[in-house]
Protein chains: 2
Amino acid sequence: MINSKEIAKIAGVSRSTVSRVINNYPNVPQKTKEKVLKVIREYNYRPNFSAKVLCGKKTNTIGIFVVSLNPQGENTFKVNLFQNFYFGNTVDALIDISNANGYYSLVQIIYKKDGVSKLVDIFAENRFDGGIIIGLDRKDPVVFDIARVGLPFVLIHYDEEYLLKNLPEKSKVGLVNSMDYEAGVQATEYLISLGHRDIGFISGRFTNYSTYERWRGFLDVMRKNSLEIRKEFFIRGDYLLYKTEMELKHLIKAGKLPTAFIVCNDDMALVTINVLKSNGIKVPDDVSLISFDNNSLAEFSTPSLTTFKLPVYEMSERAFNIIVKLIEAGKYQEKTFVYTMPMTLISRNSCKAVR
Amino acid sequence: MINSKEIAKIAGVSRSTVSRVINNYPNVPQKTKEKVLKVIREYNYRPNFSAKVLCGKKTNTIGIFVVSLNPQGENTFKVNLFQNFYFGNTVDALIDISNANGYYSLVQIIYKKDGVSKLVDIFAENRFDGGIIIGLDRKDPVVFDIARVGLPFVLIHYDEEYLLKNLPEKSKVGLVNSMDYEAGVQATEYLISLGHRDIGFISGRFTNYSTYERWRGFLDVMRKNSLEIRKEFFIRGDYLLYKTEMELKHLIKAGKLPTAFIVCNDDMALVTINVLKSNGIKVPDDVSLISFDNNSLAEFSTPSLTTFKLPVYEMSERAFNIIVKLIEAGKYQEKTFVYTMPMTLISRNSCKAVR
DNA sequence: CTGAAAGCGCTTACAG
DNA sequence: CTGAAAGCGCTTACAG
């Protein structure tokens, strides 16, 4: 590849001038500009990216990081991003939004293990102007190590209080959450309003922001209504389909079911429907189901799912806007942006009033 | 951020030695190594990425490029990657596979217009070791400009003959296609075997490899069976749902329908079902539908779709393997790899034998 | 085994 | 308006 030195030589100017033309500096006469531009076009010259960055130019790149501990054992890599509603859609939205706004996107999936600390390393390499991180545990302290690197980043789904309390001074950090506590409250109240009193809960991972918050909401409402929270109606699904299936089968065998389940995502709800169905239990006639996400199947399953829409696209947009603000603020401003976005109940056919 | 010079100073060695330790050169005594490593850890030092690349080190990054001309007018950016089965899943798979194998992935969506030529520029910036490109027209000549840059790349879905004929010498290029011609043949033969003779075709874009090939297959079989290809049964859907809907409505209004349609993707097939349904026409009783992709809804629609599975994941894996081979071959080998992967007919409920 | 020096390809004060 | 020079942070022959 040709470099600026040669371009300069051919155009009969110095490298400084070539640089000035490329970077659109004002004090280059039109004539010189055209002369240089002509050579650039002719030789298809493109300034070397690394050299530019090394001189302190921006990378124009957003780092997108998906932290995904691997439940099937540490040997299996692959997240199956493309089968995961939350990760897949967030990454896709983030890429799309970044690109549409003139930023490159560098995507990196962290397959846990040593991975999370590797996050710090990647930030220290200075490959991007700012990062967006999803999939971290709600209180993963790696965040503070990353903050110390100095590059701005925004978190999607993380504990707000814990973050703000422990963030080092002068951190450039953003946070985007969904209103999972409120959704948990609303889900429980909705079921109660339908006459349900025996309400079960199929959880995701409790290290996870959303699961934790929804569970809190559930507990608060159950207690407020003096409803018993029965241990046997709690299923630790951990967002894993085989686990959900296994534990649910146990419960069915044990003989007693709640009249409704709050399920921490649509995928587990879909499995729940199937397992119940194959045991002769009807949804929603025998058991009601309310879940979260509103994934692409929610509308098409039988019955269709009553679920809370996770505003993935809107959250991604917000995260992108914050990171850009943080990047542009440069060294002159430190601020922490926090947004919490509403989830919407989409009422379909998996819930029914209890007789 | 601390740099190698300071690390060297603190550790009491030269930058050369720091570099040797980092890059695991063999001729560093254990003791020196440990001394340096200790300082590196203590100060959380990470070699600057751009500086490394500028010295000729690899970027360890795969560039992933999605070319998506924007049908809704040039002002609308956003591809809605996450709603697009083909693009979304391919990108996700590519990211996943790259990351799992130790490569970063730099993703860039090209929103056409000036975009395609911008592709050449990005390749010239030397930000990644090799690229994978999807979404290009089956004969987009930009490929040859990119090839001239010298970085290896692999194309997904491109005209093989045209590519091989026009590629400059010493190109490091790969190509991964699916057997769309064969699928087109098989789809048509299948419908004929069910007794259909009036077969319509709802096309994607003809500049697109898959549409073109499937159409060729369709034509060949229809001719071989001396079946009439009726112009009025051809709908140019262009992969656009509103267009498919509009043209189909025209056709319905005109009064005469084929007994079966070959539809160039599941999304258009789903729309077709809806439009027919709302006009009192039943699938598959009145009209059979066979499509391509096997997207996540294909199984759940009513009726479920008989469709050809596009092996997105397998194709992505293949593309990744090729690009790695090409990268590792370095300057010493030039070779063009071409693979064409089978599509599988998944027989469900949208086709029926004609009485 | 190890350090001094050159070089990768840019940009940016600085001087004129 | 424009060029020579220094500098960004590494790596890598080269010499010892």
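Everything quoted here is computed from the prediction, not taken from an experiment. In what follows, every chain begins at residue 1, and chains take the letters A, B, ... in the order their sequences are listed.
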Rounded to whole angstrom units, what separation is found between the [atom1] atom of [X] and the [atom2] atom of [N]?
X	N	atom1	atom2	answer
A:Glu6	C:dC10	CD	C1'	14 Å
B:Glu125	C:dC10	CD	C1'	13 Å
A:Asn60	C:dC10	CG	P	17 Å
B:Arg15	C:dC8	CZ	C1'	13 Å
B:Asn126	C:dG9	CG	C1'	11 Å
B:Asn48	C:dC8	CG	C1'	13 Å

Phosphate-side-chain proximity, [X] and [N], N/O vs OP1/OP2 below 4.0 Å:
X	N	answer
B:Lys5	D:dC8	no
A:Thr17	D:dG3	yes
B:Asn23	D:dT11	yes
A:Tyr45	C:dC10	yes
A:Lys52	D:dC8	no
B:Ser16	C:dA4	no
B:Tyr25	D:dT12	yes

Residue met sooner reading DNA chain C from 5', once A:Ser19 and B:Leu54 are mapped to nucleotides:
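So the residue in question is B:Leu54.
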Counting the atoms with a prime plus P, OP1 and OP2 as sugar-phosphate, which does [X] contact under 4.0 Å by heavy atoms, base, sugar-phosphate, or nothing?
X	value
A:Asn3	sugar-phosphate
A:Asn27	base
B:Thr32	sugar-phosphate

Any donor-acceptor N/O pair under 3.5 Å between C:dG9 base and A:Arg46 side chain
no
Hunt down the Watson-Crick or G-U wobble partner of C:dA13, both distances under 3.5 Å, from any strand shown, or write none.
none
Would you say the ring centers of B:Phe144 and B:Tyr162 fall short of 6.0 Å from each other?
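Yes, the ring centres sit under 6.0 Å apart.
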Would you check if the distance from the ring center of A:Phe128 to the ring center of A:Tyr104 is below 6.0 Å?
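Not close enough - the centres of the two rings lie 6.0 Å or further apart.
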Using a strict 4.0 Å threshold on nitrogen-to-oxygen distance, state whether A:Asp121 and A:Lys118 make a salt bridge.
no
Using the rule side-chain contact (heavy atoms from CB on, under 4.5 Å), only one of B:Leu106, B:Thr90, B:Ile95 pairs with B:Ile64; which is it?
B:Ile95
So does A:Lys58 have more than 12 non-hydrogen atoms from other groups sitting under 6.0 Å from NZ?
yes
